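From a predicted model like this one, the values you see are computed outputs, not experimental measurements. Read the numbers this way: they start at 1 and go in the same order the structure lists the ligands and their atoms.
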Amino acid sequence: MDEKQVLLNALQFHGHKCWASTAGVRAGLVALRTLGVRRSGAKSLHVVLENGYYHGAMCFGDGVQYTTGCTYGKGNIEKAPKGKLALTLIDKERGRAVRVAYKPTLQAQIKASAFMHKRAAGVPPTDIPEEEQWELVNLVWDAPEKDVLTIGPVKDHEWNEPDEVVRFAVCAGCGELVAEPYMRLVAGEPLCMDCSGYAV
Ligand SMILES: [Zn+2]
Ligand SMILES: [Zn+2]
């Protein structure tokens, strides 16, 4: 799949077209290339995402998830909340890692765009005209790599894989499926946290 198609698929997954998800796609692709690895459908890769919460550029994380295959569903991505558009990609098998960060060269142009004026006025990105969405996607996508990304050195990174829980049980209270370490035993009965009343 060529990289433009990866971008289009990522934007489809993301739900709208924006500069931050596009920056995430570029950063993810560069991290893969720098380590010489491919997007993983299993768990050979791991991402530490410095995004953080409740700010306007969290979309970066969807670009990273889509390109690297490190997703919240698989659990091979974790947040290191620093409010930055940066990721560290770890190749667990070869014990190597690289950090890639978005370089804010284009921020003045982005801030001055019709898209961002509308976002600042509270318009949801999906209500902004397509051509104004594409304007920022193209700006970030077409910029020379050295202008939009800082690529760190490849470093050794030891990885100790936690054991994966494969045992599940059915809660005697609500009948829902629960991974065993989360079960509580109350008067001999296996109960989920909700039914047992135990706090996390
Ligand atoms: Zn977005
Ligand atoms: Zn229950």
Measuring from the Zn ion (ligand 1), name the closest N, O or S atom belonging to His16.
-> NE2
With a 4.0 Å cut-off, would you call Arg33 and Glu145 a salt bridge?
-> yes
Can you check whether Val30's main-chain N or O pairs, donor with acceptor, with Arg26's side chain at less than 3.5 Å?
-> no
Establish, for the pair Lys79 and Tyr53, whether the NZ or CZ atom is under 6.0 angstrom from the six-membered ring centre and no further than 45 degrees off its axis.
-> yes
Honestly, is Arg39 close enough over Tyr66, meaning NZ or CZ under 6.0 Å from the six-membered ring centre and within 45° of the axis?
-> yes
Row for the Zn ion (ligand 2): angle SG (Cys174) to SG (Cys192), 10° precision, value 110°
Could you tell me the angle subtended at the Zn ion (ligand 1) by SG of Cys59 and NE2 of His14, rounded to 10°?
-> 100°
